[in-house]
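Structure record follows, encoded as C-alpha cells.
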Amino acid sequence: MSKKIAVLITDEFEDSEFTSPAEAYTQAGHEVVTIEFKAGNIVKGKQGKAEVNIDKAIDDVNAAEFDALLLPGGHSPDALRGDDRFVNFTREFVASGKPVFAICHGPQLLISANGVRGRKMTSVKAIAIDLRNAGADFYDKEVVVDDDKLVTSRTPEDLPAFNRESLRILNAA
C-alpha cells in the first residue's frame with residue numbers, strides 16, 4: 001500500500017540525503033511531499049547537485065496527513081528547528097508513533113522536539129554528543145532502527161542501509 005511521506009527541508013540540505021531516499025520511496029510506489037516555509041519555493045542542496053521544488057508550506061499541513069517523516073541532513077535541520085512550526089510538526093509526528101527516518105544532522109529536529117529520550121539512534125559524529133545529552137542511546141553504526149518506528153544513519157555513505165530499512169518499515173505496514 002502506498003504511503004505518503006512528509007519531508008521537512010530547506011536550503012543547504014545534504015543533496016543525496018534527500019535525493020536517494022526520495023527516489024527509493026517513489027520507485028517503491030510511495031508519495032514524497034516536500035515541506036518548507038512556502039509552497040513553490042525552490043531549495044538548493046549544499047553540494048549544488050540538487051534543487052527541490054517545495055510542494056507544501058508548513059502552515060498548510062499537519063502530521064495526521066502523512067504516514068512517515070523524512071529528515072535529511074546538512075544545514076537544513078538546524079535552520080528549520082529555529083521555527084516552532086517545524087518543531088511542533090516533528091513533535092506531533094513523534095507522538096503519533098508513525099515512522100520517522102533521520103540521517104546525518106536530521107536528528108537535530110528530533111532533539112528540539114524532545115523526541116529522542118530513550119531511543120536507540122545514530123547520527124553524524126558532530127551531533128552525537130547532542131543526542132546523548134538529550135537522552136538518546138547512541139550507537140556509531142551505519143543504520144540504527146528503534147522499535148521499527150525510527151531509522152537513523154550517519155552520512156551519505158550509509159544511504160543503502162538507511163533506504164533498505166526505511167523501505168522495509170514502509171512496505172511492512
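Evaluation of the salt bridge (Lys or Arg N to Asp or Glu O under 4.0 Å) rule for E14 yields K46 as partners, not counting sequence neighbours.
Contact check on R81 versus D78 returns a salt bridge, with a Lys/Arg side-chain nitrogen under 4.0 Å from an Asp/Glu carboxylate oxygen.
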Name each donor-acceptor pair under 3.5 Å that joins a side chain in residues 90-101 to protein atoms two or more places apart or in another chain, with its distance.
| unit_1 | atom_1 | unit_2 | atom_2 | d |
| --- | --- | --- | --- | --- |
| T90 | OG1 | F86 | O | 2.9 |
| R91 | NH1 | N88 | OD1 | 2.7 |
| S96 | OG | F93 | O | 2.6 |
| S96 | OG | K98 | N | 3.2 |
| K98 | NZ | A63 | O | 3.0 |
| K98 | NZ | F66 | O | 2.6 |

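Residue pairs satisfying the side-chain hydrogen bond (donor to acceptor under 3.5 Å, both in side chains) criterion with at least one member in residues 53-66, sequence neighbours excluded, are listed as follows: T34-D55, D59-R85. Sorted by first and then second residue, the side-chain hydrogen bond (donor to acceptor under 3.5 Å, both in side chains) pairs with a member in residues 132-141 read D140-R154; sequence neighbours excluded. For residues 19-29, the set of pairs meeting the side-chain hydrogen bond (donor to acceptor under 3.5 Å, both in side chains) definition, not counting sequence neighbours, comprises S20-N163, Y25-S166.
For the pair S76 (side chain) and T10 (backbone), a donor-acceptor distance under 3.5 Å is present. Under the 3.5 Å distance criterion, the side-chain polar atoms of N41 are left unmatched by any main-chain donor or acceptor of I54. D15 places a side-chain N or O within 3.5 Å of a backbone atom of K49 that can act as its donor or acceptor partner.
Within a 6.0 Å sphere centred on NZ of K4, other residues, nucleotides and ligands contribute more than 12 heavy atoms.
Side-chain N/O atoms of H75 and D11 include no donor and acceptor closer than 3.5 Å.
Of the residues listed (V145, I111, L110), the one engaging M121 in a side chain to side chain contact (heavy atoms under 4.5 Å, CB included) is L110, and it is the only one.
I127 belongs to a hydrophobic cluster whose remaining members, ordered by chain and number, are V124; membership requires side-chain heavy atoms of ILVMFWY residues under 4.5 Å apart, directly or through intermediates.
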